[in-house]
Amino acid sequence: MLQSKLIGDTKKEWPSEASIKSHGLLIKGGYIKQMATGIYTLMPLAKKVITKIENIIREEMNALGAQEILMPLVATKKLWDMSGRYDTIGSELLKFEDRNNTKMVLSMTHEEATVFTAMNEATSYQKYPFCVYQIQTKFRDEARPRAGLIRVREFTMKDAYSFHTSDESLNEEYDKFYHAYENIYLRAGIKEVIAVSSDTGMMGGSGAHEFMLLCDAGEDKIVVCKDCGYSANMEVAYTKDIAAATNMEEKLEKIYTPDIKTIENLHDFTKEAITHIGKAVIYERLDTNQTVIAFVRADREVNETKLRNLLKIDDEKLVPKKENENDNISYGFVGPKDLKLENAIIIYDISLKNEKSIIFGANEKDYHFKGLNIKRDIGEVEYLDISKIIDTDACPICSKHSLRISNGIEVGNIFKIQSKYTKAMKMTYLDEKGKAKTPIMGCYGIGVGRLMASVLEAKATDKKVNWPASIAPFDIHICPVDYTKNIEVKKQTDMLYNSLLKNGYDVLLDDRQKSPGVKFADADLIGAPIRIVVSPRNLEENILEVKILGIEDSIKVKNAEKNSEILDFICNTRKGWIF
RNA sequence: CGGGGUGUAGCGCAAUUGGUAGCGCGCGUGGUUUGGGACCAUGAGGUUGCAGGUUCAAGUCCUGUCACUCCGACCA
């Protein structure tokens, strides 16, 4: 197409609100335009990239036998009541009413809709296993959208749902998806994406992986073992055993610590290492109104996801406890010994398991215990894994101290959700013996816009998008110098443009009356993998100058009769590329 | 939900003690240029987020409201 007609102007300045590469480049390059918080229009360039990504996903889904469907964005309260999620999900689920005052929602995911869809279409075991998917809009009323397309409220997602009559069948499908996802990331140009074990969260189920692109802009924390390859989301990462900081037993002693409430102050006051101090992190369960006290060694932090999973409660039901005069809690001086609290849940983290002597609050204002030995002074307690892993911990698989913690962007996930929704919605099929059974499910998601942004995080620089050829908005970008005035340049350019189009390439011709600098800078933001420069200088030598993605120097190709040489050159160049 | 910040031309920003809105980029026109964001001339573009209030006079002061943004919480 002609660049003079392209809607979505490039900006000369870096957008002030953008702190990460993908966000800045997408705005600077005229790819996206914001309409409201977390809601964006995809301009032509972005739409082209997105379409290519969608087609890669579509091909991979079709290849594993999934059937494409399209479910509506709007659903009724009634549907979401069938799973109980209308009430259990917080304000991320956007609720509204239609003209008849019927309660409606904008779907944030489609488990309910899919089960509803499949319910009476698969009443015989002979239909199973089967899998449906869609590439469709989701709306999640995120508390805080950020980072351009990385976290938005309205977005396109590929969501697939498989139905099975046995665990073996589900596991088989799960593996197929695992490999299909690897293919998708490879073809989209970010083969460095890794799969990590993850929390199943509110989706429920028995197993889950997230596909993560490790990069600084990511919102998730990923633990990877450099030796054995163990990898997990920080939320579920664990270690087998935490070595004791001290093995020396000491006698229990109550010490006066006036107004010393924080770990830092206690460390300064006692001159004891942080690892010799224990802390109490206090939460409140909103569902039972119980106080939850987590004891953990002071050098470690509570992993709230692990804690929630342990207590089997929803995210919003566990909150940090606010200090309250009537609590009978000596805030700042809480410890396991002499703790007088009724109806509280007390949890000891494994980081305390091997400690022989540790400082803890004495549950009395201005006093701590020194030399506390939990086994001796409290008795036998159960130690549970509720703390965040740290990079000096031993790998739970190979036991080596080779863990590394990185940021990652979640570019896909796969879950075994088992029968959570089929059961709740009473979906059944008849088995060989005519007996009614509940099918089990897997579900598999990829955020398309986030994937596009992630590719930029992985490949782009602050000035160049460097799209992989498979998803670049154009195959070829022709940048003529002095196109509007130099008759010979225009003639040769038009001839080239037409013959490339005739050969099926998606070509962008920069026909604007702009200086070469502007054209090249814009070309870097558009990122076609092949750029051809036509200029008076080159025509004098009877050549065309070709710049190939990833190759520093440009290549000179003879400007031959009917563009035969350049067509061959392009065809050969593209032969080794992944699409 | 907690804490900060900002709303003035398409974008980035300025406007002194309250005195009737300007600069750069971009855009239109004419011309000179043409290998990494050229130059000259000329022009268009605004209900200063919105609604009240104070004042002879409000972008500026007051009240309310809406939106956007950053940090944190949350994130199936």
Side-chain angles (χ1 to χ4, degrees), chain A residues 4 7-20 23 27-28 30 33-39 80 83-85 88-93 107-112 138 140-148 150-153 155 157 159 198-205 208 210 219-220 233 235 283 304-305 308-309 314-320 322 409-410 413-415 417 420-421 443-445 447 450 463-464 479-486 489-490 510 512-525 531-541 545 547 554:
Chain A
S4 61
I7 294 299
D9 275 334
T10 55
K11 312 265 179 298
K12 213 166 164 180
E13 283 138 8
W14 189 263
S16 56
E17 73 269 27
S19 53
I20 67 166
H23 188 194
I27 291 175
K28 194 168 187 286
K33 192 163 183 170
Q34 189 175 10
M35 209 168 245
T37 305
I39 300 177
W80 281 70
S83 67
R85 285 207 291 187
T88 57
I89 289 185
S91 40
E92 266 184 273
L93 180 64
S107 302
M108 55 199 293
T109 177
H110 279 76
E111 283 76 23
E112 287 86 352
K138 301 276 177 279
R140 298 182 182 181
D141 199 359
E142 291 281 352
R144 190 153 104 77
R146 69 188 97 180
I150 300 289
R151 177 162 296 278
V152 289
R153 296 198 291 171
F155 59 100
M157 183 175 181
D159 45 331
S198 66
D199 181 40
T200 51
M202 272 188 73
M203 298 292 294
E210 286 169 345
E219 303 179 287
D220 291 278
N233 194 307
E235 292 176 340
Y283 296 93
E304 293 181 8
T305 306
R308 287 191 181 99
N309 287 344
D314 288 344
D315 299 311
E316 295 178 9
K317 299 282 164 55
L318 185 75
V319 295
K322 286 193 180 124
I409 302 175
E410 184 187 340
N413 56 42
I414 53 178
F415 287 90
I417 49 176
K420 177 168 173 172
Y421 298 95
C443 85
Y444 320 88
R450 182 184 281 187
K463 294 201 165 147
K464 295 189 186 187
C479 296
V481 175
D482 200 14
Y483 176 80
T484 44
K485 296 272 172 69
N486 187 312
V489 169
K490 184 170 188 330
D510 195 344
R512 302 173 303 168
Q513 186 175 348
K514 295 277 183 191
S515 66
V518 173
K519 292 190 175 192
F520 295 148
D522 283 350
D524 289 339
L525 289 171
R531 183 189 306 174
I532 304 175
V533 179
V534 184
S535 71
R537 197 170 86 183
N538 288 341
L539 291 181
E540 269 176 34
E541 295 176 49
E545 193 178 324
K547 181 90 180 62
S554 50

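Keep in mind the model is a prediction, meaning the values are calculated, not measured. Below, chains carry the letters A, B, ... as their sequence lines are ordered, and counting in each starts from 1. Quick note: numbers below take in every heavy atom, side chains included, and nothing from hydrogens, waters or symmetry partners.
Rounded to a whole angstrom, the distance from the P atom of B:C39 to that of B:C1 is 50 Å. Straight-line distance between the C1' atoms of B:U16 and B:G59: roughly 14 Å, to the nearest whole Å. Taking atom P on both B:C61 and B:G7, the two are 11 Å apart, rounded to the nearest angstrom. Taking atom C1' on both nucleotides, B:C27 is separated from B:C11 by 12 Å, rounded to a whole Å. For the P atom pair drawn from B:U60 and B:A51, the interatomic distance equals 13 Å after rounding to whole Å. The gap from the P atom of B:G52 to that of B:A58 amounts to 14 Å, rounded to the nearest Å. When the C1' atom is compared between B:U47 and B:A38, the two are found 38 Å apart, to the nearest whole Å. Nucleotides B:G10 and B:A44, compared at atom C1', are 13 Å apart to the nearest Å.
Within the nucleic acid shown, A:N486 has no heavy atom closer than 4.0 Å to any nucleic acid atom. Contact annotation for A:R531: base contact, defined as any heavy-atom pair under 4.0 Å involving a base atom.
Mapping A:M35 and A:R146 onto RNA chain B by nearest heavy atom places A:M35 at the nucleotide closer to the 5' end. Residue order along RNA chain B, read from the 5' end via each residue's closest nucleotide, puts A:A36 first among A:A36 and A:D220.
Contact annotation: A:K514 reaches the phosphate of B:C27 (side-chain N/O to OP1 or OP2, under 4.0 Å). Remark: A:R512 is not in phosphate contact with B:G37, judged by side-chain N or O atoms under 4.0 Å from OP1 or OP2. Between A:S515 and B:U33, a side-chain N or O to OP1/OP2 separation shorter than 4.0 Å is absent. Look at A:Q34 and you'll find a side-chain N or O under 4.0 angstrom from OP1 or OP2 of B:U69.
Searching all strands for a Watson-Crick or G-U wobble partner of B:C1 with both distances below 3.5 Å returns B:G72. Across all strands shown, B:U29 pairs with B:A41; the Watson-Crick or G-U wobble distances both stay below 3.5 Å. As the counterpart of B:U48, no nucleotide is assigned, since no Watson-Crick or G-U wobble pattern has both distances under 3.5 Å. Remark: B:G35 base-pairs with no nucleotide in the shown strands. Criterion, Watson-Crick or G-U wobble with two distances under 3.5 Å. Under the Watson-Crick or G-U wobble criterion, with both distances below 3.5 Å, B:A67 is paired with B:U6. Nucleotide B:G19 has B:C56 as its partner under the Watson-Crick or G-U criteria, with both atom distances under 3.5 Å.
For A:E142, counting side-chain heavy atoms from C-beta on, the closest listed nucleotide (B:G72, B:G37, B:C75) is B:C75. Distance from the side chain of A:A521 is smallest to B:G37 among B:G35, B:G37, B:C75. When the nucleotides B:G36, B:U33, B:G37 are ranked by their closest atom to the side chain of A:K28, B:G37 comes out on top. Side chain of A:E13, nearest nucleotide from B:C75, B:U33, B:G12: B:G12. Out of B:U34, B:A73, B:C11, the shortest distance to the side chain of A:R144 is found at B:A73. Side chain of A:S535, nearest nucleotide from B:G35, B:G26, B:G36: B:G35. Taking the side chain of A:Q513 as heavy atoms from C-beta on, and the options B:U33, B:C74, B:G37, the nearest nucleotide is B:U33.
Between the CD1 atom of A:I27 and the P atom of B:C25 there is a distance of 22 Å, rounded to whole Å. For the pair A:E540 CD and B:G35 P, the computed distance is 12 Å after rounding to whole Å. Rounded to whole Å, atom C1' of B:G35 lies 11 Å from atom NZ of A:K519. Across the protein-nucleic acid pair, A:E219 atom CD and B:A73 atom P stand 11 Å apart, rounded to whole Å. Atom C1' of nucleotide B:A73 and atom CD of A:E304 are separated by 9 Å, given to the nearest angstrom. Distance CD1 (A:I39) to C1' (B:A67): 13 Å, rounded to an integer number of Å. B:C74 atom P lies 20 Å from atom CD1 of A:I150, rounded to whole Å. The CG atom of A:D510 sits 13 Å away from the C1' atom of B:G37 (whole-angstrom rounding).
Counting only distance, with no hydrogens or angles, the side chain of A:K519 and the backbone of A:R512 share a donor-acceptor pair below 3.5 Å. Put simply, the side chain of A:R531 never gets that close to the backbone of A:C479: no donor and acceptor are under 3.5 Å apart.
With hydrogens and angles ignored, a donor-acceptor pair closer than 3.5 Å exists between the side chain of A:R151 and the base of B:C75. Side-chain atoms of A:D9 stay outside donor-acceptor range of the base of B:G10, with no qualifying N/O pair under 3.5 Å.
Atom NZ of residue A:K547 and atom CD1 of residue A:I532 lie 13.0 Å apart, to the nearest 0.5 angstrom. Here the CG atom belonging to A:L525 is positioned 10.5 Å from the NZ atom belonging to A:K11, to the nearest 0.5 angstrom. Distance CD1/A:I409 to CZ/A:R151: 11.0 Å, rounded to 0.5 Å. Taking CZ of A:F155 as the reference point, atom CD1 of A:I150 lies at 12.5 Å (rounded to 0.5 Å).
Note on A:D522 versus A:K514: no salt bridge recorded, every NZ/NE/NH1/NH2 to OD/OE distance being 4.0 Å or above.
Side-chain atoms of A:Y421 and A:R85 form a donor-acceptor pair, as typed in the model, at a separation below 3.5 Å.
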